[in-house]
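See below for the structure under consideration.
Start at 1 and go down the list; that is how both ligands and their atoms are numbered. Heavy-atom basis, side chains included; hydrogens, waters and symmetry copies ignored. Just so it is clear, the structure is predicted and the values come from calculations on it, not from any experiment.
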Amino acid sequence: MALPARPGLEHVAAYRPGRPPRPVVGQASHKLSSNENPYDPLPSVKAAVAAQLDTINRYPEMAAMELRERLARRFDVDPNCLVFGAGSVEVAGQIIHAVTGPGDEVLFAWRSFEAYPILTRVAGATPVMVPLDGDGRHDLDAMADAITDRTRVVFVCNPNNPTGTVVTKDELDRFLARVPDDVVVVVDEAYVHFDVAPDSPDGLTLFRSHDNVVVLHTFSKAYGLAGLRLGYALAPLSLAETLRKVAVPFAVTSLAQRAAIASLDAEEELQQRIDELVAERSRVYSGLRRLGLPVLASQANFVWLATGERTEQLAAILEAHGLSVRAFPGEGIRISLGDPRANDALLAAAAELSVRQEA
Ligand SMILES: *Cc1c(COP(=O)(O)O)cnc(C)c1O
């Protein structure tokens, strides 16, 4: 006999992690399915984590004071505006749990980050998904039109996962002007470090100028700490207090806190890696374009192939080359940037996609 579960959860599919690559004989395999940082952790960060190991019999410091003050100084914000979680996905969950109840709506573009509909349904709220425009970009006018008196939270994922597209500062300003003051707008900047578009919005500036804007950041992507789970929100003070109530106590480990501080100490080194990834993105993008593949311009650490009905077939070819990618049947394939060797392998495998496409 199945034990009872809360009604509604039968419609929720558990989050699907990026797959590891399938080993192929005689070929190196590369995991390009989870937007992870392909570089090994920095030696200084590993040393900081190792030095903290002696304390793991103790609970972590719950307020993460040192990291909190460090980030507060860096962003010039009140330290109490910072809310931490086990990855920014946990903080996104805190926001939805803190603000919504049954019948309330959480609005976001689709396709966007797969965690949004899951977190929304788990909280008992209703996801409202507004299709991206034909270029894989947020349709902010349509999103503003979709706001109702039940809308409590809006996510704007910028750059958008999985299409890599960005909204402009002007577009987001116009959108925010149309959003009622009591609706929380979460600007999810998980990939902001990779965004070099000159007209992109700056979440911090929006946080300062709007009382309903929350910015989400993570140490998982540009900082390469996905395995340690640490993300945070910059939230208006009153909301930040509420978020702390719904947070899982001690979710942010002492190792994660140490690693984050050591990463902030190593920002120049990390920036070099980001610059390399951004250069690799141009190379991969041009290579895929030259092959005639439907690749979108990306400001993130991945690219999107709008392969439509051919998605599963083309993804299978990449998988057969030892490259794990994230395929969304009927829509497209998200491919994380890897190190130069992985990207070479991608371009070599992609040559086969374009040949097959012409056939
Ligand atoms: C990866 C990602 C996150 C955060 O991941 P965490 O590892 O939980 O910090 C948040 N938003 C988007 C859009 C992402 O792609």
Looking only at side chains, do Ser112 and Asn160 share a donor and an acceptor under 3.5 Å apart?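 Short answer, yes.
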Going by atom types alone, do Asn161 and Arg334 pair a side-chain donor with an acceptor below 3.5 Å?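 Looking only at side-chain atoms, Arg334 and Asn161 do form a donor-acceptor pair, the distance falling under 3.5 Å.
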Checking Phe328 now: which residues fulfil ring-ring contact (aromatic ring centres under 6.0 Å, His included) with it, not counting sequence neighbours?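 Expected list: Trp304.
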Kindly assign one of parallel, tilted or perpendicular to the pair Phe113 and Tyr116, based on the angle between their ring planes and the thresholds 30° and 60°.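 Ring orientation, 0 to 90° scale: perpendicular.
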Write 'none' if nothing qualifies; otherwise put on separate lines each N/O atom of ligand 1 with a protein N/O atom under 3.5 Å away and their distance to 0.1 Å.
from: ligand 1; atom 1: 7 (O); to: Ser220; atom 2: OG; distance (Å): 2.5
from: ligand 1; atom 1: 7 (O); to: Arg229; atom 2: NH1; distance (Å): 2.7
from: ligand 1; atom 1: 7 (O); to: Arg229; atom 2: NH2; distance (Å): 3.3
from: ligand 1; atom 1: 8 (O); to: Ser88; atom 2: N; distance (Å): 3.2
from: ligand 1; atom 1: 8 (O); to: Val89; atom 2: N; distance (Å): 3.1
from: ligand 1; atom 1: 8 (O); to: Arg229; atom 2: NH2; distance (Å): 2.8
from: ligand 1; atom 1: 9 (O); to: Ser88; atom 2: N; distance (Å): 2.7
from: ligand 1; atom 1: 9 (O); to: Ser88; atom 2: OG; distance (Å): 3.2
from: ligand 1; atom 1: 9 (O); to: Thr218; atom 2: OG1; distance (Å): 2.5
from: ligand 1; atom 1: 9 (O); to: Ser220; atom 2: OG; distance (Å): 3.3
from: ligand 1; atom 1: 11 (N); to: Asp188; atom 2: OD1; distance (Å): 3.2
from: ligand 1; atom 1: 11 (N); to: Asp188; atom 2: OD2; distance (Å): 2.7
from: ligand 1; atom 1: 15 (O); to: Asn161; atom 2: ND2; distance (Å): 2.8
from: ligand 1; atom 1: 15 (O); to: Tyr191; atom 2: OH; distance (Å): 2.5
from: ligand 1; atom 1: 15 (O); to: Lys221; atom 2: NZ; distance (Å): 3.2

Does the distance from a Lys or Arg side-chain N to an Asp or Glu carboxylate O, for Glu280 and Arg283, drop under 4.0 Å?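 Here Glu280 pairs with Arg283 in a salt bridge, since their nearest N and O are under 4.0 Å apart.
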Just verifying a value: how many Å separate Asp76 CG and Leu71 CG, rounded to the nearest 0.5 Å?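 Interatomic distance, Asp76 CG to Leu71 CG, rounded to 0.5 Å: 13.0 Å.
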